[in-house]
Protein chains: 2
Amino acid sequence: MSPHHCVQAGSDMAASKKKEPGAEEARTRILDAAQSLFAAHGFNATTTKAIAETAKVPCGLIFYYFPTKKALLASILSERNILVELRAVVDTLHVLDPRTALMTLGTRYIDALRHHKELTAILLREFRSHDEIATQFHELREEHVGLITSYLQETLRGRHDTPIQHIQAVARTFLYNLIVIGIIEDPPEPLRLIEETVDVLLGGLRLPDSAHI
Amino acid sequence: MSPHHCVQAGSDMAASKKKEPGAEEARTRILDAAQSLFAAHGFNATTTKAIAETAKVPCGLIFYYFPTKKALLASILSERNILVELRAVVDTLHVLDPRTALMTLGTRYIDALRHHKELTAILLREFRSHDEIATQFHELREEHVGLITSYLQETLRGRHDTPIQHIQAVARTFLYNLIVIGIIEDPPEPLRLIEETVDVLLGGLRLPDSAHI
DNA sequence: GTCTATATGATGATAGAC
DNA sequence: GTCTATCATCATATAGAC
């Protein structure tokens, strides 16, 4: 019985026809709804009608604010950029001892990833079909391996003789782990996961020398 | 000018109307085409018409072999299972010294992931919308962390005193890194990446004791 | 089993009233 | 800026000839 033309689940409460459905602007609600639905079901599986219903706006309004559905996706990715927050994670960090440094980095990264959970889901889902997204991903990886490496170097300055290539490998191993931990829907105890990972990165398997080749 | 009804880009070469377009069975070509297109553009963005054209079959034939488009996806996932090959990676492995063991594990995992590149792409793309896929992913993670942990324990038997929880953390760190390395489109030198990761897992940051807290 | 033409419904986008 | 009704197109799926 649901009509196949555009309708709105608007409240029947009063005669007030216009405005007011939520405190936020209509445009913001559209972006929120689209972000949530794109993350959950993917870009193509999400209809503009569903976005309109979730945002509690008439479906015509979407195309007043955004020329096309694809432009709506582009606006989400550009206006709600996770890269900015991820960069801030490293930039605002003081120089600490290695363990505290890695723990702080790890928890902040995971926090940022989980704070932008929907964005991450969209990036992961669409990076094979949208070249711009694939490029973003690649740059993010390169950049943050570099950032973590530089930071670890500062942290270790003058206290060790580990070659930079190895430090970079530690940074990469760390970042890749954080990515997977961040991707997993419900890591039961992210803090414990990060702690154990940091232990591995600091000490490795802790073999006696005889066990090495 | 392209007709909007179902057509086939079939060869005009002869009067032979039926059969023969390729050596393989039509059903197999449909599965191949769907797998490739689902991986590249996603499930919803791929039309059955596109699948038919790529497979060089009339579009009606798809629904002779598969009741629905979703059933086609399910057939791909069940008939071309990457889990079997991944399990074999660990099962057929001899007990070796830790470094050789991790290197062999790593290269075989990456080989398996790259051999099933399209399947991996599909799993990654759709695991948030299809519950069965999400479950597969979760089980794969749990199972293989367990497999690697057990294997490392055998490898280390009697030669060390590392607690099992730490071994498990090493196994998890290893697997998560392999997953990301496997996901990345074109890792320039996968072997070097694996080598460096193994070095990190075996020795960590190699700090002097004074650098620990 | 293979192929063609078509039904049925949904989808992105628009026109135009308010 | 907000809302409604509608269009043109395209997608999955079917019917039925060969």
Side-chain angles (χ1 to χ4, degrees), chain A residues 1-31 33-34 37-38 41-75, chain B residues 1-31 33-34 37-38 41-75:
Chain A
M1 285 302 167
S2 70
H4 64 283
H5 58 274
C6 186
V7 289
Q8 180 184 355
S11 53
D12 299 325
M13 51 169 68
S16 70
K17 278 269 177 181
K18 295 187 178 184
K19 209 75 181 290
E20 160 214 12
E24 306 151 46
E25 295 288 339
R27 203 188 108 101
T28 304
R29 289 205 312 279
I30 292 172
L31 283 170
L37 292 170
F38 288 164
H41 312 119
F43 177 75
N44 285 282
T46 301
T47 68
T48 52
K49 186 166 171 260
I51 296 170
E53 280 167 8
T54 305
K56 287 177 189 147
V57 298
C59 59
L61 199 59
I62 292 176
F63 297 96
Y64 170 75
Y65 286 112
F66 308 95
T68 64
K69 187 185 167 188
K70 224 195 151 181
L72 172 54
L73 172 62
S75 292
Chain B
M1 286 303 161
S2 68
H4 64 282
H5 57 273
C6 186
V7 288
Q8 181 183 351
S11 53
D12 298 326
M13 51 169 69
S16 70
K17 279 268 177 182
K18 294 187 179 183
K19 208 75 182 291
E20 157 215 15
E24 306 150 47
E25 294 289 340
R27 202 188 109 101
T28 304
R29 288 206 311 280
I30 293 171
L31 284 170
L37 291 170
F38 288 164
H41 312 118
F43 177 75
N44 284 284
T46 302
T47 67
T48 52
K49 187 165 170 262
I51 296 170
E53 281 167 8
T54 304
K56 286 178 189 144
V57 298
C59 59
L61 199 59
I62 292 176
F63 297 96
Y64 169 77
Y65 287 112
F66 308 96
T68 65
K69 186 185 168 189
K70 220 191 154 186
L72 172 54
L73 172 62
S75 292

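Atom set for the values below is all heavy atoms of this structure, side chains included, hydrogens, waters and symmetry mates excluded. Lettering of chains follows the sequences in order, A, B, ..., and the numbering in each one begins at 1. This structure is a prediction, so every number in the text was calculated from the model and none was measured.
If you measure from atom CG of L61(A) to atom P of dT14(C), you get 14 Å, rounded to the nearest angstrom. Rounded to an integer number of Å, the gap from CZ of F63(B) to P of dG1(C) is 18 Å. Taking atom CG of L37(A) as the reference point, atom P of dT11(C) lies 13 Å away to the nearest angstrom. Distance K49(A) NZ to dT6(D) C1': 14 Å, rounded to the nearest Å. In this structure, the NZ atom of K70(A) is 14 Å from the P atom of dG12(C), given to the nearest Å. Between the NE2 atom of H41(A) and the P atom of dT11(C) there is a distance of 13 Å, given to the nearest Å. When rounded to the nearest whole Å, the span between CG of N44(B) and P of dA10(C) equals 15 Å. Between the CD atom of E25(A) and the P atom of dT2(D) there is a distance of 7 Å, given to the nearest Å.
Within the nucleic acid shown, F66(A) has no heavy atom closer than 4.0 Å to any nucleic acid atom.
The phosphate of dA11(D) (OP1 or OP2) has no side-chain N or O of T48(B) nearer than 4.0 angstrom. Of the side-chain N and O atoms in Y65(A), one or more sit less than 4.0 angstrom from OP1 or OP2 of dT2(D).
When each of P67(A) and A45(A) is assigned the nucleotide of DNA chain C with its nearest heavy atom, A45(A) is the one assigned upstream, toward the 5' end.
You'll find the side chain of L31(B) reaches within 4.5 Å of the side chain of F66(B), heavy atoms only. The shortest side-chain heavy-atom distance between F43(B) and N44(A) does not fall under the 4.5 Å cut-off. Annotation: side chain of Y64(B) is not in contact with side chain of R27(B) (no heavy-atom distance under 4.5 Å).
Remark: A33(B) engages I51(B), T54(B), A55(B) in a side chain to side chain contact (heavy atoms under 4.5 Å, CB included) (not counting sequence neighbours).
Nearest to the side-chain atoms of P58(B) among the listed nucleotides dT4(C), dT4(D), dA11(D) stands dT4(C). Side-chain atoms of Y64(A) lie closest to dT2(D) of the nucleotides dT2(D), dA5(C), dT12(D). Nearest to the side chain of T68(A), among dT11(C), dA13(C), dT2(C), sits dA13(C).
Formation of a donor-acceptor pair under 3.5 Å by the K56(A) side chain with backbone atoms of A26(A) is not found in this model.
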